[in-house]
K.L.:
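Below you'll find the structure I mean.
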Amino acid sequence: MGHSAAHRQMGKARRDKIWTWRCQWSVVTIAAIALVVYNAIANVWLLHPPSCPTHTTAPPSDPPTCEPCIETVSNAALDDDPISRLDLRLGRWDGSRSYRLFDYVTVGELYPEVSSSRRVCLATQSSIERLHELLRIAAHWTGPISVAVFVAGDELRLLRAFATWLFRCRPEIYSRLTLHVTMPSERPGVHGSMPVWARDCETAPLPPGERRSDTVAWRARHPYPQNHLRNLARKNCHTPYVFLVDVDIVPSRGMAEALDKFLENTPKCPLCAFVVPTYELDRRVANFPVNKSELVRLSKRKLAIPFHRKVFIYNQYASNFSRWEASGGNESLETHVSHNVTNFELLYEPFYVAPDTVPAHDERFLGYGFTRNTQIFPKLYPTSTIFFQLQEAYILYTQYD
């Protein structure tokens, strides 16, 4: 009796186990079938093109299409950001592979035309924190302008913003200039986000405090490649003559036209360089002098002094400003040669107009101080190169205390 009861109990346990297994398998099977059906429905739904929206207004002139409706994004936001498409991988290296150089990152629509119709291109270079000085140059110089800008890290987004601001707010300036970029390999530029003022014509561009603190600290520890920038700006001019200045040098009003006329009537001299007398104005001078006579009067009152006379007198000493001022400015209204520069010295760093066949600036010299005279040094020039001091075409460095 005991054996039969045990046998029945074991059979019941086996049947319960089989039933439990069948129930579990049924649940798994049903779940799998449900999943397959769900996937099939989802695929059909995803692959089915959405219906185009219907309008209660008159039907469009074009016949309806069965193609899916595509959401398009306008490129209007990019149209006024000329540097947004700059590929940071494509800059050419300098000789030491320390800097990447980018030619023509943006070009005004009139720059090629103005370059072909004018005789002199103004070339200049700047860091981002001084780039606003370009507005003063462009206010007086009506010819083509080639600008090389040094940017590191987040400064690239500020250059983009400045180009956008010019494009939108000062098209008469933007149209006749071209911008080029030099970046250090150690801290290449990054595009970043566009600041608000880039599209606000009521706001002055490049307000102070825009650069990141780590970028400012990096810049303070690394020399500024002035000669790289000078060469970059010069070589991207396309006029017969180049006038190379620093960005804080402001030409006299009408100087581009005066030089065009002077060079048109001057016998061709490929080995001539025409020195432009350069002065600093006292901060008390409210308006730029309109002619040489007015500038000479300011000089006699000690409100205008030759460039760098206080800092380093030999910088412009060979130009002989005393001889230049002696005529008083009454001899002619047209630009002409005042005298031949004869007391040439090693430390002479004039600003001059010449063909771009003159030697390049030595890019081994970095930082500030005595970088331009590496290009002016006589041994770099053919022995027959002659420097002439111009009489009327002067420029002004503003300002000193």
Side-chain angles (χ1 to χ4, degrees), residues 76-84 86 105-111 122-183 189-217 219-220 224 229 233 245-253 255-256 280-288 395-401:
L78 300 177
D79 291 341
D80 61 356
D81 184 0
I83 308 180
S84 62
L86 176 64
V105 297
T106 182
V107 183
E109 64 274 15
L110 295 181
Y111 182 77
L122 186 146
T124 189
Q125 48 82 24
S126 177
S127 54
I128 200 70
E129 68 270 21
R130 305 184 74 177
L131 191 56
H132 63 276
E133 301 277 6
L134 180 63
L135 300 178
R136 296 201 299 168
I137 291 178
H140 286 193
W141 182 270
T142 59
I145 304 175
S146 175
V147 188
V149 187
F150 181 68
V151 297
D154 66 300
E155 292 177 337
L156 177 59
R157 75 181 183 92
L158 300 179
L159 178 61
R160 284 177 52 209
F162 181 72
T164 297
W165 187 90
L166 282 178
F167 181 87
R168 292 173 63 93
C169 307
R170 299 294 167 82
E172 75 283 358
I173 293 177
Y174 177 84
S175 64
R176 51 191 170 84
L177 64 77
T178 178
L179 296 176
H180 324 284
V181 170
T182 296
M183 296 181 192
V190 291
H191 280 290
S193 59
M194 185 77 73
V196 176
W197 56 261
R199 294 184 172 91
D200 183 3
C201 294
E202 301 299 322
T203 302
L206 297 170
E210 286 280 298
R211 295 184 297 158
R212 286 175 37 175
S213 57
D214 58 328
T215 300
V216 175
R219 284 283 309 279
Y224 178 66
L229 296 163
V245 296
D246 295 334
V247 76
D248 53 2
I249 299 291
V250 182
S252 56
R253 194 179 297 274
M255 185 174 176
E280 301 178 32
L281 290 181
D282 189 283
R283 292 189 182 275
R284 292 171 289 177
V285 179
N287 300 313
F288 271 60
I395 53 181
L396 299 163
Y397 173 89
T398 58
Q399 291 172 327
Y400 74 92
D401 294 315

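These values consider heavy atoms only, across backbone and side chains, with no hydrogens, waters or symmetry-generated copies. Each residue takes its place number in the sequence, starting with 1.
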K.L.:
Can you list everything that forms a side chain to side chain donor-acceptor pair (under 3.5 Å) with Ser146? Sequence neighbours excluded, please.
P.N.:
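With neighbours one apart ignored, the set is His180.
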K.L.:
To check you understand the geometry: which heavy-atom pair defines the closest contact between Tyr111 and Thr178, and what is its length?
P.N.:
CZ-CG2, 3.4 Å
K.L.:
Going by the side-chain contact (heavy atoms from CB on, under 4.5 Å) test, name the single residue among Leu131, Leu156, Val247 that passes it with Val149.
P.N.:
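Only one of Leu131, Leu156, Val247 forms a side-chain contact (heavy atoms from CB on, under 4.5 Å) with Val149, namely Leu131.
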K.L.:
Mind checking what makes side chain to side chain donor-acceptor pair (under 3.5 Å) contact with His140, not counting sequence neighbours?
P.N.:
Arg253
K.L.:
Can you name the residues that form a salt bridge (Lys or Arg N to Asp or Glu O under 4.0 Å) with Glu129, not counting sequence neighbours?
P.N.:
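Testing Glu129 for salt bridge (Lys or Arg N to Asp or Glu O under 4.0 Å), a comparison that skips the adjacent residues, returns Arg211, Arg219.
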K.L.:
Can you tell me how far the CZ atom of Arg130 sits from the OH atom of Tyr224, to the nearest 0.5 Å?
P.N.:
8.0 Å
K.L.:
Yes or no on side-chain contact (heavy atoms from CB on, under 4.5 Å) for Trp141 and Met255, after CA distance, side-chain angles and deciding distance?
P.N.:
CA-CA 7 Å; Trp141 182 270; Met255 185 174 176; 4.1 Å; yes
K.L.:
Any side-chain heavy atom of Leu135 sitting closer than 4.5 Å to one from Pro205?
P.N.:
yes
K.L.:
Can you list the residues that meet the side chain to side chain donor-acceptor pair (under 3.5 Å) rule with Thr124, with sequence neighbours excluded?
P.N.:
none
K.L.:
Could you list the residues that satisfy salt bridge (Lys or Arg N to Asp or Glu O under 4.0 Å) with Arg212, not counting sequence neighbours?
P.N.:
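Per chain and number, Arg212 pairs via salt bridge (Lys or Arg N to Asp or Glu O under 4.0 Å) with Asp214.
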K.L.:
Looking at Ala152, is its backbone amide N or carbonyl O close enough to the side chain of Glu155 to form a donor-acceptor pair, meaning the two atoms are under 3.5 Å apart?
P.N.:
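Yes: the side chain of Glu155 pairs with the backbone of Ala152.
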K.L.:
Report yes if the side chains of Val245 and Pro251 come closer than 4.5 Å at any heavy-atom pair, otherwise no.
P.N.:
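No, side chains not in contact.
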K.L.:
Donor-acceptor pair, Asp282 side chain versus Arg284 backbone, under 3.5 Å?
P.N.:
yes
K.L.:
With a 4.5 Å limit on heavy-atom distance, are the side chains of Gln125 and Val147 in contact?
P.N.:
no
K.L.:
Could you go through residues 157-169 and list every donor-acceptor pair under 3.5 Å that involves a side-chain atom there, pairing it with any protein atom two or more places apart or in another chain?
P.N.:
| from | atom 1 | to | atom 2 | distance (Å) |
| --- | --- | --- | --- | --- |
| Arg157 | NH1 | Ser193 | O | 3.2 |
| Arg157 | NH2 | Glu210 | O | 3.4 |
| Arg160 | NE | Asp81 | OD1 | 3.4 |
| Arg160 | NE | Asp81 | OD2 | 3.3 |
| Arg160 | NH1 | His191 | O | 3.1 |
| Arg160 | NH1 | Gly192 | O | 3.3 |
| Arg160 | NH2 | Asp81 | OD2 | 2.5 |
| Thr164 | OG1 | Asp80 | O | 3.0 |
| Thr164 | OG1 | Arg160 | O | 3.0 |
| Trp165 | NE1 | Asp200 | O | 3.3 |
| Trp165 | NE1 | Thr203 | O | 3.0 |
| Arg168 | NH1 | Asp80 | OD2 | 2.6 |

K.L.:
Please name the residue in the list Ile145, Leu110, Ile137 that meets the side-chain contact (heavy atoms from CB on, under 4.5 Å) test with Leu177.
P.N.:
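With Leu177 as partner, side-chain contact (heavy atoms from CB on, under 4.5 Å) holds for just one option, Ile145.
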